[in-house]
Amino acid sequence: MSSRTPLIAGNWKMHKSGTQAIESAERLKTLVNAASGVDIMIAPTFTALFQVGQVLKGSPIALGAQNMHWEQQGAFTGEISADMLVDAGCSQVIIGHSERRQYFGETDETVNRKIKAALQAKLTPVFCIGETESQRLAGETFSVLDKQVRNGLKNFVFNDLGNLIIAYEPVWAIGTGQTATREQAQEAHENIRSLLETIFNKDLAGSTRILYGGSVKPDNVRALMEMPDVDGALVGGASLDPDTFSKLIFFNEN
Ligand code: PGA
């Protein structure tokens, strides 16, 4: 067991209306009231952020956003800045999710800019990386992760990155029910951690939380969390139902 506090984060993606998001947040707040030794975050859709933030006040659940723009303000129709997210109550933001990379033209370069802007606004970035199925089959997993980490964290020094969270999410495991084995997750996380040591230093490598994401469910969370370099989970499908999600948060007790 490492000294890193586990984080269980729920990415609600493009699900739930404002009303539904409030209901889910209220239910979750009641369910996890007694949770200890674990950090919790939920990332509702933009339009629900402010209201869900009001519900979460005084609870141990942090509010996260699913994306942001790197500029502070300006003529960028349809975009939302880091300061706006802070204003809505967010303390974390998911950056570089594979769905954004796959469908919305997110690149390592935009991810790099977004991480920089998030940190400037004192938002904790949850920086997502992961290989596709064909990259894994071609034996390219570690070179892909290497490139994503180096480019995403380009021009930072270790002092900038004290709050950074990384989410390793193999694209082939997201929403497919095909979870990586815990050995596959551990191998990737270990690799990412040693890369952080190579690029930055041992302290940053030791303190950075690396979450696993991709079909995490109540029946596999514990096995994954037992691995020494798995510090939490970024959860899509299983975060939508508060009762299911709370089982992940209490992974130690199931
Ligand atoms: P999933 O999604 O849990 O539904 O596989 C994970 C994610 O996209 O973060």
Side-chain angles (χ1 to χ4, degrees), residues 6-16 20-21 24 28 38-46 48-49 52 61-68 85 90 92-106 111 114-115 118 123-133 135-136 141 144-145 148-149 152 164-182 184-185 188-189 192 209-225 227 230-251 254:
L7 168 64
I8 305 294
N11 172 8
W12 287 356
K13 307 193 180 180
M14 200 170 73
H15 293 288
K16 297 184 194 286
Q20 291 165 335
S24 294
L28 187 66
V38 58
D39 289 345
I40 308 162
M41 180 267 265
I42 52 174
T45 190
F46 285 132
L49 283 175
V52 169
I61 310 166
L63 185 69
Q66 300 173 17
N67 183 34
M68 54 169 272
L85 296 180
C90 292
Q92 303 187 17
V93 58
I94 298 170
I95 293 179
H97 189 280
S98 67
E99 285 152 16
R100 301 236 38 106
R101 294 178 188 258
Q102 229 177 321
Y103 308 132
F104 303 103
E106 187 87 271
V111 165
K114 289 179 181 187
I115 294 174
L123 274 176
T124 298
V126 180
F127 166 35
C128 302
I129 54 174
E131 80 288 359
T132 62
E133 182 164 36
Q135 288 166 334
R136 177 163 280 265
T141 298
V144 168
L145 297 178
Q148 289 175 336
V149 171
L164 179 75
I165 295 168
I166 294 182
Y168 167 61
E169 300 203 298
V171 178
W172 47 273
I174 296 178
T176 59
Q178 193 190 340
T179 323
T181 64
R182 62 187 202 151
Q184 285 171 323
H189 286 217
I192 295 161
R209 289 184 286 185
I210 307 178
L211 316 181
Y212 167 78
S215 299
V216 176
K217 303 270 181 297
D219 63 3
N220 59 29
V221 65
R222 190 173 179 148
L224 287 158
M225 292 299 294
M227 301 314 267
V230 176
D231 306 315
L234 180 55
V235 186
S239 73
L240 293 174
D241 173 49
D243 292 79
T244 308
F245 190 52
S246 72
K247 290 192 183 131
L248 302 179
I249 291 159
F250 292 101
F251 66 91
N254 290 316

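Being a predicted model, the structure only gives us computed values, none of them experimental. The first residue of the sequence shown is numbered 1, and numbering continues consecutively from there. Atoms within each ligand, like the ligands themselves, are counted from 1 in listed order.
Of all the atoms in ligand 1, the ones that sit under 4.0 Å from a non-hydrogen atom of G236 are 1 (P), 2 (O), 3 (O), 4 (O), 6 (C). Heavy-atom contacts of H97 reach the following atoms of ligand 1: 7 (C), 8 (O), 9 (O) (cutoff under 4.0 Å). The ligand atoms of ligand 1 that sit less than 4.0 angstrom from a heavy atom of G175 are 1 (P), 4 (O), 5 (O).
Taking atom 4 (O) of ligand 1 as the reference point, the nearest protein heavy-atom neighbour is G237 N, 2.8 Å. Of the protein's non-hydrogen atoms, the one nearest atom 7 (C) of ligand 1 is E169 OE2, 3.2 Å.
When all heavy atoms are compared, the tightest approach of V216 to V235 is O-CG1, 3.9 Å. For the pair H189 and V230, the tightest heavy-atom approach, listed with the atom from each and the gap, is ND1-CA, 3.6 Å. The minimum heavy-atom distance between A180 and L224, with the atom names listed, is O-CD2, 4.2 Å. Across all non-hydrogen atoms, the minimal contact from S215 to A173 is OG-O, 2.7 Å. When all heavy atoms are compared, the tightest approach of P218 to L248 is N-CD2, 3.4 Å.
For the pair K13 and ligand 1, the shortest N or O to N or O distance falls below 3.5 Å. At a 3.5 angstrom cut-off on N or O pairs, E99 does not count as close to ligand 1. The shortest N or O to N or O distance between A238 and ligand 1 is not under 3.5 Å.
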Let me see the working for K16 and T45 under side chain to side chain donor-acceptor pair (under 3.5 Å), right down to the final yes or no. CA-CA 8 Å; K16 297 184 194 286; T45 190; over 6 Å; no

Between N220 and R182, does a side-chain contact (heavy atoms from CB on, under 4.5 Å) hold up when you go through it step by step? CA-CA 9 Å; N220 59 29; R182 62 187 202 151; over 6 Å; no

Are E131 and W172 close enough, and set up right, to give a side chain to side chain donor-acceptor pair (under 3.5 Å), and what steps lead you there? CA-CA 8 Å; E131 80 288 359; W172 47 273; 2.9 Å; yes

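At least one heavy atom of G214 sits closer than 4.0 Å to an atom of ligand 1. Residue A173 places a heavy atom under 4.0 Å from ligand 1. Within the 4.0 Å heavy-atom shell around ligand 1 one does not find G213.
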